[in-house]
Amino acid sequence: KIALGATLVTTLSDKDINASYADIRVYEGALTEDEITSEYGLTYTDFLTTSYDFENGLTDSVRGYDGTFTGTASVGEVEGRGNVLILDGNVNGNNVSANRSSMRMPSKVIHGHNNITVMMDLYVDGATGNYGRIFEFSQSSSASWMVGTKWGSSTVLRHSYSNGVSSAMQGKAFFDEWVHFAVTIDGKTAKVYVNGEILCQSDDFDYKNSLFWAGSSLMSLGQSTRY
């Protein structure tokens with residue numbers, strides 16, 4: 001499962017995220033800092049495997065791995081950004097997953113990427129609740145890869161992996177401004193970049209354990225897919 005924008009967790013401590021996303025890209029391989037920060041026009045031949053620019057809804061322009069909305073998620077125009085994905089954190093008064101504000105994508109978006117880069121332009125509203133997911137991939141309640149904001153504190157961003165054992169890294173959260181956000185994994189080295197600068201790093205991030213890829217899965221922007 002892969003989701004952007006909300007959480008399926010049934011406990012009240014995990015909230016939906018209020019955020020907007022633009023120009024989401026996934027690459028086979030961990031891009032270098034120079035590639036992330038430069039104006040270098042990365043293309044499909046440079047291992048771009050998925051691209052959502054939201055100019056045609058939730059269409060993936062590279063491999064056709066189109067996304068789907070849940071709940072009140074929508075695409076709208078923002079001045080200077082063009083079309084963006086808008087997740088309003090609306091739980092519609094219950095914990096039913098279909099009613100949460102998120103974008104879901106097929107697991108093929110990241111399945112089989114031993115090394116990977118996920119990047120996007122991102123605006124997180126400061127009013128978003130605790131434990132909101134920027135994105136999460138999972139195949140069960142015990143195996144997941146996710147980035148969350150306000151992780152137990154209004155100032156903490158958390159990037160974590162879990163599959164029997166866990167590995168986590170934390171950095172300073174960001175709110176109420178557009179940032180360029182990127183996550184890379186190269187072997188066991190994971191890095192989170194904000195506006196081209198490393199926010200946090202771990203050298204013990206073994207997310208590609210074979211058990212992690214077993215079974216059917218989804219990826220989600222804004223929503224935990226484990227519950």
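Since this is a predicted model, take the numbers as computed values, not measurements. All residue numbers in this chain count up from 1 along the given sequence.
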If two hydrophobic side chains count as joined below 4.5 Å and joins carry through other members, does [X] share a cluster with [Y]?
X      : Y      : answer
Val78  : Val179 : no
Val192 : Phe135 : yes
Val84  : Leu122 : no
Tyr123 : Ile134 : no
Val194 : Trp178 : no

Can you find a pair of side-chain heavy atoms, one from [X] and one from [Y], that are under 4.5 Å apart?
X      : Y      : result
Tyr27  : Ile116 : no
Val75  : Tyr52  : no
Met103 : Thr68  : no
Asp125 : Asp176 : yes
Ser154 : Phe175 : no

Taking the six-membered ring for Trp, is the centroid-to-centroid distance between Tyr193 and His180 below 6.0 Å?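 Judged by ring-centre distance (under 6.0 Å), Tyr193 and His180 do not meet the cut-off.
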Are the aromatic rings of Phe181 and Phe174 close, with centres under 6.0 Å apart?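 That pair passes the under 6.0 Å test.
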Shortest non-hydrogen contact from [X] toward [Y]:
X      : Y      : result
Ala127 : Lys150 : C-NZ, 4.3 Å
Val109 : Arg63  : O-NH2, 3.6 Å
Gly171 : Leu199 : CA-CG, 4.0 Å
Arg133 : Ile17  : O-CG2, 3.7 Å
Asn18  : Thr128 : N-OG1, 2.8 Å
Ala190 : His159 : CB-CE1, 3.8 Å

Quiz item: cation-pi between Lys188 and Tyr161, 6.0 Å / 45°: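 No; the conditions do not both hold, so Lys188 does not lie above the ring face of Tyr161.
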Measuring from atom [atom1] of [X] to atom [atom2] of [Y], what distance do you get when rounded to the nearest 0.5 angstrom?
X      : Y      : atom1 : atom2 : result
Ile86  : Thr72  : CD1   : OG1   : 10.5 Å
Met169 : Cys200 : CE    : SG    : 3.5 Å
Phe47  : Asn115 : CZ    : CG    : 11.5 Å
Thr50  : Asp66  : OG1   : CG    : 10.5 Å
Thr149 : Leu157 : OG1   : CG    : 5.5 Å
Thr117 : Lys191 : OG1   : NZ    : 10.5 Å

Using 30° and 60° as the class limits, which term best fits the ring planes of Trp151 and Tyr131: parallel, tilted or perpendicular?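 Perpendicular, since the angle between the ring planes exceeds 60°.
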For Thr32, does its backbone N or O pair with a side-chain atom of Glu35 as donor and acceptor, under 3.5 Å?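 Checking the backbone N and O of Thr32 against the side chain of Glu35, a donor-acceptor pair under 3.5 Å is found.
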Salt-bridge present (Arg81, Asp121; N to O < 4.0 Å):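 A salt bridge links Arg81 with Asp121.
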Mind running side-chain hydrogen bond (donor to acceptor under 3.5 Å, both in side chains) on Asp204 and Ser167 for me, showing each step along the way? CA-CA 7 Å; Asp204 187 26; Ser167 178; 5.0 Å; no
Option passing side-chain contact (heavy atoms from CB on, under 4.5 Å) with Phe54 (candidates Asp23, Thr59, Asn83):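 When Asp23, Thr59, Asn83 are each tested with Phe54, the side-chain contact (heavy atoms from CB on, under 4.5 Å) holds only for Asn83.
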Looking at Thr184, Ile36, Val183, which hits side-chain contact (heavy atoms from CB on, under 4.5 Å) with Met119?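 One option only clears the test, and that one is Ile36.
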